[in-house]
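In what follows, every chain begins at residue 1, and chains take the letters A, B, ... in the order their sequences are listed. No experiment lies behind these values; they were computed from the predicted model shown.
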Protein chains: 2
Amino acid sequence: MSISQTVIRRLPMYLHYLKQLPEETHNVSATTIAAGLGLGDVQVRKDLALISGAGKPKVGYEKAELMDAIEDCLGYKDKKLAVIAGAGKLGTAFLEFEGFNDYGLNIAAAFDNNLSKTGCSNTGKYIYPISDLKEFCRTEKVIIGIITVPSSDAQNVCDMMVESGIKAIWNFAPVKLNAPESVIIQNENLASSLALLSNRLAR
Amino acid sequence: MSISQTVIRRLPMYLHYLKQLPEETHNVSATTIAAGLGLGDVQVRKDLALISGAGKPKVGYEKAELMDAIEDCLGYKDKKLAVIAGAGKLGTAFLEFEGFNDYGLNIAAAFDNNLSKTGCSNTGKYIYPISDLKEFCRTEKVIIGIITVPSSDAQNVCDMMVESGIKAIWNFAPVKLNAPESVIIQNENLASSLALLSNRLAR
DNA sequence: ATTATATCGATAAATATATATCGATATATA
DNA sequence: TATATATCGATATATATTTATCGATATAAT
């Protein structure tokens with residue numbers, strides 16, 4: 001039986017919490033993690049039970065083992081090559097963000113249809129014309145595509161990515177992308193999050 | 001009885017779908033919306049039942065009425081003043097993004113502790129030193145704060161915002177912020193989304 | 001006018017998720 | 001050594017969410 005989405009979403013929080021603990025800390029209890037993240041202790045224990053070995057009463061879990069288990073489960077260990085389509089503000093923010101390496105994501109390059117944007121970015125990563133996307137992805141064996149183009153171009157870019165053999169797409173454009181079943185589409189919807197905020201504020 | 005979070009999260013998707021329909025379309029059925037967004041029709045119908053008036057068999061709902069109801073529910077109609085703390089790539093991406101107006105969000109300015117970043121951005125919005133944050137928020141009656149600073153500075157900025165009378169914080173730093181109960185904290189966690197993608201890819 | 005059909009709202013069932021409870025146990029303390 | 005305590009895993013309960021089913025109804029077609 002596979003692990004549910006809600007649990008998967010919490011795993012990186014646990015990982016982040018564990019990483020930020022002092023190095024000399026060897027053991028952590030579910031209770032402590034829960035308090036640190038504002039979650040329930042039973043929930044944390046149940047989540048951890050799904051992926052790691054047992055914890056010890058009065059002691060908790062082994063931090064190192066836990067971190068290992070989470071990284072394994074999330075596939076952070078095998079490095080995955082990614083490209084970004086759309087070198088706007090958001091796209092270049094991603095391109096220059098070093099932190100993705102911790103998640104096993106190696107962003108190879110960005111692509112844009114505005115030729116004035118092409119060239120080398122501050123951090124030494126390149127922005128190429130979008131027309132080069134397919135060939136690049138094929139020869140470099142890129143498996144993840146990040147879409148940060150305007151909605152109107154998103155489906156086009158998605159099609160290109162699919163044709164290039166990309167296996168998963170992280171989509172920041174607020175549109176439903178049509179792609180073969182075999183391609184994983186992960187939609188990121190800032191509007192959803194903002195809606196929550198706005199609604200809570202309205203009450 | 002209030003509307004659940006999962007429903008609230010879907011409302012902007014409906015709104016977006018409705019907006020993108022041809023102007024001459026007056027009626028939409030739940031079935032059509034569901035197909036367009038890749039959701040179940042019963043789910044759409046139940047969601048809409050919570051916020052809008054009745055639909056007609058064989059015809060569906062009135063598009064205009066529906067859009068109105070969603071915008072009302074999400075509080076998109078009353079304009080809310082917001083500031084951004086952290087004028088990095090992500091922060092300036094938000095600062096220059098015009099689309100937030102559709103969500104009732106009026107981003108007044110950004111703030112940064114790096115003085116070399118202060119000044120006027122491309123779109124005519126200003127970046128001020130972070131030391132000006134409190135006074136600005138108080139005098140301008142800002143109610144939303146967007147945090148796009150590094151994790152290490154996030155709590156500091158959060159404290160400042162709370163002291164400035166900000167009512168809701170949209171937090172992009174992967175840390176748990178401590179704030180009074182009365183302040184709404186909405187965490188945005190890109191790592192969670194990426195974790196899902198990565199996990200699905202690993203299987 | 002009758003029939004067919006798309007759609008509705010409502011109710012019911014199924015699934016998923018979160019929370020509460022409790023006996024067992026490893027460590028620390030008396 | 002005996003007792004107290006934090007924590008565990010497991011089981012049970014409660015809540016939330018999604019999906020399925022069905023009779024009713026507005027419109028279109030016969």
Let me know the distance between [atom1] of [X] and [atom2] of [N], rounded to the nearest Å.
X: B/Arg9; N: D/dT18; atom1: CZ; atom2: C1'; result: 17 Å
X: A/Leu50; N: C/dA18; atom1: CG; atom2: C1'; result: 13 Å
X: B/Lys46; N: D/dT18; atom1: NZ; atom2: P; result: 9 Å
X: B/Asn27; N: D/dA26; atom1: CG; atom2: P; result: 14 Å
X: A/Ile8; N: C/dT17; atom1: CD1; atom2: P; result: 11 Å
X: A/Arg45; N: D/dT11; atom1: CZ; atom2: P; result: 15 Å
X: A/Leu48; N: D/dC8; atom1: CG; atom2: P; result: 9 Å

Where the side chain of [X] is concerned, which of [options] is the nearest nucleotide?
X: A/Ala54; options: D/dG9, D/dA12, C/dA12; answer: D/dG9
X: A/Thr31; options: D/dA26, D/dT18, D/dT7; answer: D/dT7
X: A/Gln43; options: C/dT19, D/dG9, C/dT7; answer: C/dT19
X: A/Lys56; options: D/dT7, C/dA26, D/dA12; answer: C/dA26
X: B/Lys58; options: C/dA28, C/dC8, D/dT27; answer: D/dT27

Just to confirm, is there a sub-4.0 Å distance from OP1 or OP2 of [N] to any side-chain nitrogen or oxygen of [X]?
X: B/Ser29; N: C/dT7; value: yes
X: B/Ser4; N: D/dT18; value: no
X: A/Tyr61; N: D/dG9; value: yes

**Asked** Pick the nucleotide of DNA chain D nearest each of A/Pro57 and A/Val42; which residue has the one closer to the 5' end?
**Response** A/Pro57

Indicate, with a heavy-atom threshold strictly under 4.0 Å, whether [X] touches base, sugar-phosphate, or nothing.
X: A/Gly40; result: nothing
X: B/Arg10; result: sugar-phosphate
X: A/Ala49; result: nothing

**Item:** Within 6.0 Å of NZ in A/Lys117, more than 12 heavy atoms from elsewhere
**Value:** yes

**Message:** So for atom CD, which belongs to A/Gln5, do other residues, nucleotides or ligands contribute more than 12 heavy atoms lying within a distance under 6.0 Å?
**Reply:** no

**Option among B/Thr148, B/Asn189, B/Asn187 that satisfies the side-chain hydrogen bond (donor to acceptor under 3.5 Å, both in side chains) test with B/Asn171** = B/Asn187

**Message:** With a 3.5 Å limit on both atom pairs, tell me what C/dG23 is paired to, counting Watson-Crick and G-U wobble, or say none.
**Reply:** D/dC8

**Watson-Crick or G-U wobble partner of C/dT29, both distances under 3.5 Å** = D/dA2

**Prompt:** Would you find a donor on one side and an acceptor on the other, under 3.5 Å apart, between the side chain of A/Asp112 and the backbone of A/Ala87?
**Reply:** yes

**Request:** Please answer whether the main-chain N or O of B/Phe136 pairs with a side-chain N or O of B/Thr139 as donor and acceptor at a distance below 3.5 Å.
**Result:** yes

